[in-house]
**Student:** 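Please find one structure pasted underneath; my questions will follow.
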Amino acid sequence: MKTIDELVGEGVSGKRVFVRADLNVPLDGDTITDDGRIRAAVPTIKKLAESGARVVVASHLGRPKGAPDPQFSLAPVARRLGELLGTQVAFATDTVGAGAKATVGETADGGVTLLENLRFNAGETSKDDAERGAFADELAALADAYVSDGFGAVHRKHASVYDLPARLPHAAGYLIATEVGVLKKLTEDVKRPYAVVLGGAKVSDKLGVIDHLLGKADRLLIGGGMAYTFLKAKGYEVGKSLLQEDQLPAVKGYLERAEELGVEFVLPVDVLAAPEFPDLKTKAPANPTAVAADAIPAELEGLDIGPESRKLYAAKLADAATVFWNGPMGVFEHPDFAEGTKAVAQGLLDSPAFTVVGGGDSAAAVRQLGFDENTFGHISTGGGASLEYLEGKTLPGLAALED
Ligand SMILES: Nc1ncnc2c1ncn2[C@@H]1O[C@H](COP(=O)(O)OP(=O)(O)O)[C@@H](O)[C@H]1O
Ligand SMILES: O=C(OP(=O)(O)O)[C@H](O)COP(=O)(O)O
């Protein structure tokens, strides 16, 4: 895999260099609520601009349906990127159309242009190779070289991630190198005890990784929406909590295998529950009740781990040597359900463990809850991508960079 330094060493001055970044940031209207992914993209863009390249940056944002949709425009991101780079970032109003061609054509040596959302084009995410390839051809016409730096999207077989590097001289950017370097350590020479904390809401995406982690980790701490499928698998009632009914047999299998292998599963002993999912806009008080995890009343929904579980999870992190954490412990966006996630973040800070936090929401949670991100070993910009890497899967966007 060629590095960006090698590419720059070959000379990029005056060349159009396409940077596939992951600038998929959370937005409230057109206000960016967490700019971590934009900041993570800066070193690569800066290096190329300082080397005289005409930098063409592209990303997806959210999941629009293959056509322009103003709520997913990257315009606010262009403004923020410009502030962070300390330069004007030209924004193309489309991705490969007349607007993009004109804006890229006007980009000076050392200048930066951001294209509009890649996913405004059906070809970007198409499952049809020819349709994706045709879109990749249009993207390739805008550039002379390609730098892959959108780690959060390298697990996607999308045109800009997978097909475009085959059409241009290509290299891996600084973010890809950092992310892969840290995750590699977790797959190769992990220091033990190795604890993995899993939570969040993308339950079916994440259950698969447990199968793999059973052979790697010493301890698995389960919280967030996925905890309830485990509690149910143990025969407990979970009321109105998030439940992945079809995964119950698999989860029962994980619990049995863990016992055979001597891997410790840590599940909540109590949860904070409420009759309704909280209003995340008004943040109106939700009046949660702490209830035992083996008897959640039928009319309640578990929305965070409870106070006893917070102590338990902190204790299980205190003597770990390595921790990987993906997914918040509760609906942290509402203050009534943020304490579990805070307790895990604090537990990691109090522990001597080398800590990797992965995932868009997990990283945002750490920052939004007031923690200094620099005190964590590594905050990954990719949730799904880091989990799939740890699973040992071939990530399309990384495979495409190999020659
Ligand atoms: N008990 C729960 N029930 C429903 N949603 C939950 C629960 N716990 C956490 N969540 C939600 O999970 C979301 C984050 O999940 P996910 O996208 O899987 O994490 P990440 O982006 O870090 O990989 C948050 O928006 C949070 O509100
Ligand atoms: O937010 C992302 O992934 P993550 O929530 O797994 O960290 C990436 O930008 C990928 O987005 P996608 O899951 O819509 O392909």
Side-chain angles (χ1 to χ4, degrees), residues 20-27 33-34 36-38 40-41 59-65 72 77 117-119 124-125 150-158 160-162 179 197-207 209 222-231 238-244 268 271-274 276-278 280 286 288 293 296 300-306 309 324-341 344-345 356-369 379-389 395-397:
R20 198 332 178 166
D22 179 357
L23 307 176
N24 181 22
V25 290
L27 286 175
T33 54
D34 183 74
R37 279 183 169 150
I38 310 178
S59 174
H60 69 285
L61 188 139
R63 291 178 173 175
K65 304 265 175 285
F72 295 114
V77 173
N117 197 333
L118 289 157
R119 291 185 185 172
E124 169 66 0
T125 58
F151 179 74
V154 287
H155 58 317
R156 302 296 182 210
K157 194 178 174 184
H158 291 169
S160 66
V161 177
Y162 179 73
E179 296 268 19
V197 189
L198 288 178
K202 293 179 185 167
V203 181
S204 44
D205 276 12
K206 292 177 185 179
L207 282 173
V209 79
I222 308 289
M226 84 163 56
Y228 304 93
T229 306
F230 281 83
L231 295 172
V238 297
K240 287 161 63 183
S241 312
L242 203 65
L243 178 63
Q244 204 78 29
V271 306
L272 290 185
E276 302 293 341
F277 195 87
L280 301 183
I296 302 174
L300 296 185
E301 177 174 3
L303 295 159
D304 193 9
I305 60 172
S309 308
F324 177 79
W325 175 24
N326 172 268
M329 295 294 98
V331 183
F332 73 95
E333 297 91 337
H334 191 288
D336 286 347
F337 303 106
E339 292 303 319
T341 303
V344 165
V356 178
V357 182
D361 284 298
S362 312
V366 163
R367 289 187 283 262
Q368 279 168 28
L369 296 174
I379 298 198
S380 172
T381 52
S386 56
L387 284 174
E388 288 197 21
Y389 188 95
L395 305 185

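Just the heavy atoms: all of them, side chains too, but no hydrogens, waters or symmetry mates, feed the values below. Sequential numbering from 1 along the given sequence is applied to the chain's residues. Given the structure is predicted, the values throughout are model-derived calculations rather than measurements. Each ligand, and each atom within it, is numbered from 1 in the order the structure gives.
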**Student:** Purely on distance, is any nitrogen or oxygen of Glu333 under 3.5 Å from one on ligand 1?
**Tutor:** yes
**Student:** Which heavy atom of Ala363 sits nearest to which heavy atom of Val357, and what is that distance?
**Tutor:** N-CG1, 4.4 Å
**Student:** Going through the distances and angles, do Leu387 and Leu198 end up as a side-chain contact (heavy atoms from CB on, under 4.5 Å)?
**Tutor:** CA-CA 10 Å; Leu387 284 174; Leu198 288 178; 4.1 Å; yes
**Student:** Within the 4.0 Å heavy-atom shell around Gly383, which atoms of ligand 2 are there?
**Tutor:**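 So the answer, numbered in order with elements, is 4 (P), 6 (O), 7 (O).
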**Student:** Specify the closest pair of heavy atoms between Leu300 and Ala273, including all atoms of both residues, with the distance to one decimal.
**Tutor:**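 Result for this residue pair: CB-CB, 3.8 Å.
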**Student:** Using 0.5 Å steps for rounding, measure from the CD1 atom of Ile305 to the CG atom of Leu272.
**Tutor:**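 Nearest 0.5 Å value for the CD1-CG distance: 8.5 Å.
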**Student:** Of the non-hydrogen atoms in Gly358 and Ser380, which two are nearest, and what is the gap between them?
**Tutor:** CA-CB, 3.8 Å
**Student:** Among all protein heavy atoms in this structure, tell me which lies nearest to atom 4 (P) of ligand 2, with the distance rounded to 0.1 Å.
**Tutor:** Lys202 NZ, 3.7 Å
**Student:** From the options His334, Glu301, Lys206, select the one whose nearest heavy atom is closest to atom 16 (P) of ligand 1.
**Tutor:**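 When every heavy atom of His334, Glu301, Lys206 is considered, Lys206 comes closest to atom 16 (P) of ligand 1.
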**Student:** Need the ligand 2 atom indices (1-based, order shown) with element for anything under 4.0 Å from a heavy-atom of Asp22.
**Tutor:** 8 (C), 9 (O)
**Student:** Need the ligand 1 atom indices (1-based, order shown) with element for anything under 4.0 Å from a heavy-atom of Gly224.
**Tutor:**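 Going through ligand 1 atom by atom, the ones under 4.0 Å from Gly224 are 1 (N), 8 (N).
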**Student:** Just to be sure I read this right, does ligand 1 sit under 4.0 Å from the backbone of Asp304, its side chain, both, or neither, counting only heavy atoms?
**Tutor:**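 For Asp304, no heavy atom sits under 4.0 Å from ligand 1.
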**Student:** Atom CG of Asn117 and atom CZ of Arg63: how far apart are they, to the nearest 0.5 Å?
**Tutor:** 12.5 Å
**Student:** Report the nearest protein non-hydrogen atom to atom 11 (O) of ligand 2: residue, atom name, distance rounded to 0.1 Å.
**Tutor:**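 In this structure, atom 11 (O) of ligand 2 has His60 NE2, 3.3 Å as its nearest protein heavy atom.
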**Student:** Considering the heavy atoms of Asn24, write down every atom of ligand 2 situated less than 4.0 Å from one of them.
**Tutor:** 1 (O), 2 (C), 8 (C), 9 (O), 11 (O)
**Student:** Please list, in number order, the atoms of ligand 2 under 4.0 Å from a heavy atom of Arg63.
**Tutor:**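 Here the atoms of ligand 2 in question are 12 (P), 13 (O), 14 (O).
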**Student:** Of the protein's non-hydrogen atoms, which lies at the shortest distance from atom 1 (N) of ligand 1, and what is that distance?
**Tutor:**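 Looking only at protein heavy atoms, the one closest to atom 1 (N) of ligand 1 is Gly302 O, 3.2 Å.
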**Student:** What residue and atom, counting heavy atoms only, is the protein's closest point to atom 11 (C) of ligand 1, and at what distance?
**Tutor:** Ala201 CB, 3.8 Å
**Student:** With a cut-off of 4.0 Å, which atoms of ligand 1 are near a heavy atom of Tyr228?
**Tutor:** 1 (N)
**Student:** Does any part of the side chain of Ile296, heavy atoms only, come nearer than 4.5 Å to the side chain of Ser241, both counted from C-beta?
**Tutor:** yes
**Student:** Determine, for Arg20 against Glu124, whether the closest basic-nitrogen to carboxylate-oxygen distance falls under 4.0 angstrom.
**Tutor:** yes
**Student:** Can you name the nearest heavy-atom pair linking Gly199 to Met226, along with the distance?
**Tutor:**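 For Gly199 versus Met226, the nearest heavy atoms are O-CE, 4.0 Å.
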**Student:** Carefully, step by step, assess Met329 and Glu339 under the rule side-chain contact (heavy atoms from CB on, under 4.5 Å).
**Tutor:** CA-CA 9 Å; Met329 295 294 98; Glu339 292 303 319; over 6 Å; no
**Student:** Got an N/O contact under 3.5 Å between His155 and ligand 2?
**Tutor:** no
**Student:** For ligand 2, does Arg37 get within less than 4.0 Å through its side chain, its backbone, both, or neither, judged by non-hydrogen atoms?
**Tutor:**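 The answer is the side chain.
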**Student:** Grab the two heavy atoms, one from Ala385 and one from Leu395, that are nearest each other, plus how far apart they are.
**Tutor:**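 That closest heavy-atom pairing would be O-CD1, 3.9 Å.
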**Student:** Can you find an N or O of Gly199 that's nearer than 3.5 Å to an N or O of ligand 1?
**Tutor:** no
**Student:** To the nearest 0.1 Å, how far is atom 4 (C) of ligand 1 from its closest protein heavy atom, and which atom is that?
**Tutor:**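 Its nearest protein heavy-atom neighbour is Phe277 CE1, 3.9 Å.
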**Student:** Return the closest protein heavy atom for atom 15 (O) of ligand 2 as residue, atom name and distance.
**Tutor:** Arg156 NE, 2.6 Å
**Student:** What's the verdict on side-chain contact (heavy atoms from CB on, under 4.5 Å) for Val366 and Phe332, showing C-alpha distance, side-chain angles and the deciding distance?
**Tutor:** CA-CA 10 Å; Val366 163; Phe332 73 95; over 6 Å; no
**Student:** Verify whether one side chain among Thr381 and Glu179 offers a donor that lies under 3.5 Å from an acceptor in the other.
**Tutor:**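 Judged by distance alone, the side chains do pair up.
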**Student:** Please confirm whether His158 comes under 4.0 Å of ligand 2, counting heavy atoms of the residue only.
**Tutor:**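 Contact check His158 vs ligand 2: negative.
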**Student:** What I want to know is whether Gly384 and ligand 2 share at least one N or O pair that is separated by under 3.5 angstrom.
**Tutor:**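 By distance alone, the answer is yes.
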**Student:** For atom 10 (C) of ligand 2, grab the closest protein heavy atom and report residue, atom and distance to one decimal in Å.
**Tutor:**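 The answer is Gly152 O, 3.4 Å.
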**Student:** Return the closest protein heavy atom for atom 17 (O) of ligand 1 as residue, atom name and distance.
**Tutor:**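 Its nearest protein heavy-atom neighbour is Asp361 OD2, 3.1 Å.
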**Student:** Testing the basics here: between Tyr228 and Leu303, what is the closest heavy-atom pair and its distance to 0.1 Å?
**Tutor:**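 Minimum heavy-atom contact is OH-N, 3.6 Å.
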**Student:** Tell me the protein heavy atom at minimum distance from atom 9 (C) of ligand 1, and give that distance in Å.
**Tutor:**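 It is Gly330 O, 3.1 Å.
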**Student:** Do me a favour and list the nearest non-hydrogen protein atom to atom 6 (C) of ligand 1 with residue, atom name and distance?
**Tutor:**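 Answer for atom 6 (C) of ligand 1: Val331 CG2, 3.7 Å.
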**Student:** Looking only at protein heavy atoms, which one is nearest to atom 22 (O) of ligand 1, and how far off is it?
**Tutor:**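 Here the nearest protein heavy atom works out to Ser362 OG, 2.6 Å.
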**Student:** For atom CZ of Phe337, decide whether the heavy atoms of other residues, nucleotides or ligands shown that lie under 6.0 angstrom number more than 12.
**Tutor:** yes
**Student:** What is the nearest protein non-hydrogen atom to atom 7 (C) of ligand 1, stated with its residue, atom name and distance?
**Tutor:** Gly225 N, 3.5 Å
**Student:** Has Arg119 got any heavy atom lying under 4.0 angstrom from an atom of ligand 2?
**Tutor:**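 Checking ligand 2 against Arg119, which is what was asked, there is a heavy-atom contact under 4.0 Å.
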**Student:** List ligand 1 atoms under 4.0 Å from Pro328, heavy atoms only on the residue side.
**Tutor:** 14 (C), 19 (O)
**Student:** Going by distance only, is there an N or O of Gly62 that falls short of 3.5 Å from an N or O of ligand 2?
**Tutor:** no
**Student:** Which residue, Asn24, Val77, Leu61, forms the side-chain contact (heavy atoms from CB on, under 4.5 Å) with Arg37?
**Tutor:**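 Per the side-chain contact (heavy atoms from CB on, under 4.5 Å) rule, the option paired with Arg37 is Asn24, out of Asn24, Val77, Leu61.
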**Student:** Taking the side chain as C-beta and beyond, is there a heavy-atom pair between Thr229 and Ile222 under 4.5 Å?
**Tutor:** no
